[in-house]
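Written out below as structure tokens is the structure these notes cover.
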Amino acid sequence: MTQLIDGKKISQEIKDELKEKVAGMKARGTERCLAVIQVGNDPASAVYVKNKKKACEYIGIRSEAYELAEETTEEELLELIRGLNEREDINGILVQLPLPKQIDEDKILLSIAPEKDVDGFHPVNVGNLSIGRPGYVSCTPAGVIQLLKRSGIEIEGKECVVLGRSNIVGKPMAALLLRENGTVTVCHSRTKNLKEITRRADILVVAIGKPKYVNADYVKEGAVVIDVGIHRMENKKLCGDVDFDSVAPRTSAITPVPGGVGPMTIAMLMHNCVEGIGE
Ligand code: GUN
């Protein structure tokens, strides 16, 4: 029997745990506040930002929204971030990506104080993850680890294959699976004999950004498949990077799209806002 990994349910569990924790913090006189910055009016970004604000409200985190015009200059954005870095009442700063073309994304991410970088995108946090030091971890791959753990899937000693090598998902995903004592292989669109490699996986995480790219030929019987992709098809329905209908029957567990990895990203952002860097 294939286990369907329910990201909606697991993300709700996490949000409820955080809500309780925040209530306790408030009773002791501490509050959390996230600053969310959006530049321009990309419709997808607007939806993400709205959902982040909603999650903050649910959990009891104060949020400050900065909605800046499309023609905002790099210097104006840097100035805003400098101010937020210095404010003691703000403990998380998030700049929604992508940014308009006149603004250098790397420069902006570097300007966020690493101890407020709840997205885990600053090179200091990326570096800390890679050498096993405490720091903020990118939310989507952190969410994948939670999906596995809370579904009772062991990582230690398993053959883990990550398909995709982005800075936001593939690379931190590999580092996290390694931290959980998985045996990790990273492959990508230019990998030779890709199917041979993905077929070795006990746990296959797919983040290649191509709709229904992974079919049954890529998957070993009994594998766990985690689909990070999300695409809108011509018929308006959503699909992932995995061809769910052909792959699911071969797996021991799989995430659906929607309702798998998607809801976990915001839950883990909220986790980062509440818990901070940890010890
Ligand atoms: N744009 C798409 N995904 C993300 C994300 O996780 N964080 C930010 N800041 N921007 C994004």
Side-chain angles (χ1 to χ4, degrees), residues 7 11 14-15 33-56 61 63-68 70 72 74 77-78 80-81 84-85 90-101 103-126 129 135-147 164-173 175-176 205-210 226-232 238 240-241 257-258 260-275:
S11 66
I14 292 172
K15 285 191 282 185
C33 183
L34 171 67
V36 181
I37 305 171
Q38 187 191 347
V39 187
N41 24 27
D42 176 63
S45 290
V47 173
Y48 288 132
V49 166
K50 192 181 90 196
N51 289 338
K52 286 170 187 177
K53 286 193 276 192
K54 230 170 77 184
C56 282
I61 299 170
S63 71
E64 274 184 18
Y66 294 89
E67 280 148 26
L68 310 183
E70 180 78 30
T72 301
E74 189 175 276
L77 181 55
L78 286 169
L80 171 62
I81 293 169
L84 294 168
N85 281 341
I90 299 277
N91 60 292
I93 302 170
L94 181 151
V95 179
Q96 189 64 34
L97 303 177
L99 290 167
K101 53 187 177 316
I103 300 177
D104 180 344
E105 222 159 77
D106 282 342
K107 210 164 158 185
I108 298 304
L109 295 181
L110 263 174
S111 78
I112 299 172
E115 63 277 13
K116 297 191 179 187
D117 166 42
V118 286
D119 259 330
F121 294 167
H122 193 289
V124 164
N125 284 316
V126 175
L129 172 63
Y136 284 115
V137 175
S138 182
C139 302
T140 302
V144 171
I145 297 291
Q146 285 302 310
L147 283 179
R165 54 172 160 177
S166 69
N167 291 340
I168 291 181
V169 181
K171 286 179 196 147
M173 190 71 253
L176 284 173
V205 180
V206 185
I208 193 154
K210 294 179 182 162
I226 305 290
D227 187 352
V228 180
I230 187 151
H231 312 275
R232 176 102 36 207
L238 294 171
D241 290 352
V257 176
V261 174
M264 295 300 291
T265 300
I266 290 187
M268 297 316 290
L269 174 69
M270 297 297 106
H271 165 92
N272 284 350
C273 291
V274 174
E275 304 286 352

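Order of appearance sets the numbers: ligands from 1, and atoms from 1 within every ligand.
A 4.5 Å side-chain heavy-atom check between K52 and Q96 finds at least one atom pair inside the cut-off. Within the 4.5 Å cutoff, side-chain heavy atoms of S45 are placed close to those of P98. For the pair I81 and I37, the minimum side-chain heavy-atom distance is below 4.5 Å.
Nearest to atom 8 (C) of ligand 1 among the protein's heavy atoms is D119 OD2, 3.4 Å.
The proximity of L97 to ligand 1, defined as any non-hydrogen pair under 4.0 Å, involves the side chain as well as the backbone.
For A46, the side-chain contact (heavy atoms from CB on, under 4.5 Å) partners are Q38, not counting sequence neighbours.
The shortest N or O to N or O distance between Q96 and ligand 1 is below 3.5 Å. Considering both main-chain and side-chain atoms, V95 comes within under 3.5 Å of ligand 1 through a nitrogen or oxygen pair.
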